[in-house]
Amino acid sequence: MTDDFGRAGWERRWTQVLEADAPAADRRVPNPSLLAEAAHLPAGVALDAGAGHGSEALWLAARGWRVTAVDFSATALAHARTRAERAGVDVAGRIDWVEGDLGDWTPPPAAFDLVTCLYVHVAGSVTAMVRRLAGGVAPGGRLLLVGRPGAVGQTQLTVDDALEALDEEWEILVAEDRGADAVVRARRRL
Ligand SMILES: C[S@@+](CC[C@H](N)C(=O)[O-])C[C@H]1O[C@@H](n2cnc3c(N)ncnc32)[C@H](O)[C@@H]1O
């Protein structure tokens with residue numbers, strides 16, 4: 001069975017979206033949960049897992065964060081990189097664009113002050129993905145996960161998946177369903 005939301009599916013989707021109306025993708029505003037989480041944090045080192053159009057990575061970089069932006073769509077990454085270059089050297093120079101599948105991609109351990117992962121689909125275990133991403137958060141750092149569990153044809157984050165992955169090392173700040181979205185914010189204890 002083909003996975004419509006696997007790498008090839010997303011590659012097709014991004015090619016169509018960008019060919020149809022790339023400026024519309026560029027106008028995508030950063031996710032409100034990220035704004036709420038990061039607006040008050042001092043700039044540090046962030047991982048945006050499933051960066052897509054790049055709006056979140058650009059927003060963080062414009063605020064002084066050093067960002068690693070991961071996505072498995074080469075087309076999305078190329079487009080987002082171009083957006084960053086248009087935003088100027090300060091922004092572009094703070095973002096590393098990495099092609100990787102979050103079904104197995106593992107961040108360097110304890111390397112990030114903020115790890116965010118918004119609306120990705122994984123073919124394998126979501127709990128295992130959360131564990132991998134959580135391993136990338138430095139002590140005192142933050143994790144922000146948002147998924148849409150009801151997304152048709154996709155396996156996205158649920159609150160239960162996240163809570164299963166986060167042990168007593170974590171202070172859970174938010175773990176709730178907000179409309180169609182599962183939102184989890186957590187802080188790794190020092
Ligand atoms: C719905 S878009 C979300 C983009 C952005 N994070 C946002 O909140 O608007 C999902 C993005 O995650 C990427 N993606 C989905 N599953 C992924 C996976 N398993 N590994 C890497 N990237 C993935 C897709 O290519 C796409 O760019």
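Here, residue 1 is the first one in the sequence, and each next residue gets the next number.
Proximity of Thr68 to Val70: side-chain heavy atoms (C-beta onward) are separated by under 4.5 Å at one or more points. With contacts defined as side-chain heavy-atom distances shorter than 4.5 Å, the pair Arg86/Asp26 qualifies. Val67 has its side chain out of reach of Arg94: every pair of non-hydrogen atoms, C-beta onward, lies at least 4.5 Å apart. In this structure, the side chains of Val146 and Leu157 stay at 4.5 Å or more apart for every pair of heavy atoms. Side-chain contact check for Trp170 versus Val137: some heavy-atom pair is nearer than 4.5 Å. Two residues are said to be in side-chain contact when any heavy atoms from C-beta on lie closer than 4.5 Å; Arg188 and Leu143 fail this criterion. Taking 4.5 Å as the limit, every side-chain heavy atom of Leu41 sits out of range of all side-chain heavy atoms of Asp113. Between Asp101 and Arg7, the closest side-chain pair of non-hydrogen atoms falls below 4.5 Å.
Between Glu85 and Arg83 no salt bridge is recorded (no basic side-chain N to carboxylate O distance below 4.0 Å).
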Check your understanding: Is there a side-chain contact (heavy atoms from CB on, under 4.5 Å) between Thr116 and Glu37 once you walk through the steps?
Key -> CA-CA 10 Å; Thr116 181; Glu37 172 67 9; over 6 Å; no

Review point. Yes or no on side-chain contact (heavy atoms from CB on, under 4.5 Å) for Glu164 and Val130, after CA distance, side-chain angles and deciding distance?
Key: CA-CA 9 Å; Glu164 194 183 332; Val130 173; over 6 Å; no

Check your understanding: Would Val29 and Trp59 satisfy side-chain contact (heavy atoms from CB on, under 4.5 Å), going step by step from the backbone distance to the final call?
Key -> CA-CA 9 Å; Val29 293; Trp59 183 82; over 6 Å; no

Practice item. Show the numbers, then the answer: is there a side-chain contact (heavy atoms from CB on, under 4.5 Å) between Leu77 and Arg81? Key: CA-CA 6 Å; Leu77 286 171; Arg81 184 198 295 269; over 6 Å; no

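Across Arg187, Arg185, Arg142, a single residue satisfies salt bridge (Lys or Arg N to Asp or Glu O under 4.0 Å) together with Glu171, and that is Arg187. Partner of Thr15 under the side chain to side chain contact (heavy atoms under 4.5 Å, CB included) criterion, out of Glu19, Arg13, Arg12: Glu19 alone.
One distance of note links CG of Asp48 with CG of Leu58; it measures 10.0 Å at 0.5 Å rounding. Rounding to the nearest 0.5 Å places CH2 of Trp14 at 7.5 Å from OG of Ser73. Summarising the geometry, atom CG belonging to Leu114 is positioned 6.5 Å from atom CG belonging to Leu34; distances are rounded to the nearest 0.5 Å. One distance of note links SG of Cys117 with CD of Glu56; it measures 11.0 Å at 0.5 Å rounding.
Nearest approach of Thr158 to Pro149, heavy atoms of both residues: CG2-CB, 3.8 Å. The shortest non-hydrogen separation linking Phe112 to Pro107 is CE1-CB, 3.9 Å. When every heavy atom of Trp97 is checked against every heavy atom of Ala57, the shortest pair comes out as CH2-CB, 4.2 Å. Closest of all the heavy-atom pairs between Val45 and Ala111 is CG1-O, 3.8 Å. Of all heavy-atom pairs between Ser33 and Asn31, the closest is N-OD1, 2.8 Å. Listed here is the closest heavy atom pair of Asp71 and Gly50: OD2-C, 3.5 Å.
Remark: side-chain polar atoms of Asp181 are not paired, donor with acceptor, to backbone N or O of Val183 under 3.5 angstrom. In terms of modelled atom types and a separation under 3.5 Å, the side chain of Arg189 and the main chain of Glu168 share a donor-acceptor contact. Between the side chain of Arg132 and the main chain of Thr106, no donor-acceptor pair closer than 3.5 Å is present. A distance-only check finds no donor-acceptor pair linking the side chain of Asp161 to the backbone of Val126 [under 3.5 Å]. Side-chain atoms of Gln156 come within 3.5 Å of backbone N or O of Arg148 as a donor-acceptor pair.
Neither Phe5 nor Leu102 shares a network with the other; the hydrophobic side chains, linked directly or stepwise wherever heavy atoms of I, L, V, M, F, W or Y lie under 4.5 Å apart, form separate groups for each. Val184 and Leu118 fall into different hydrophobic clusters, where Ile, Leu, Val, Met, Phe, Trp and Tyr are joined by side-chain heavy atoms under 4.5 Å apart, directly or via other members. Val174 and Leu35 end up in the same hydrophobic cluster when Ile, Leu, Val, Met, Phe, Trp and Tyr side chains are linked at under 4.5 Å. Transitive grouping of hydrophobic side chains (ILVMFWY, heavy atoms separated by less than 4.5 Å) keeps Leu47 and Ile95 in distinct clusters. No path of Ile, Leu, Val, Met, Phe, Trp and Tyr side chains, each step under 4.5 Å between heavy atoms, connects Phe72 with Val122, placing them in separate hydrophobic clusters.
Side-chain N/O atoms of Ser55 and Arg27 include no donor and acceptor closer than 3.5 Å.
Atom CZ of Arg28 sits in a sparse spot, with 12 or fewer heavy atoms from other residues, nucleotides or ligands closer than 6.0 Å.
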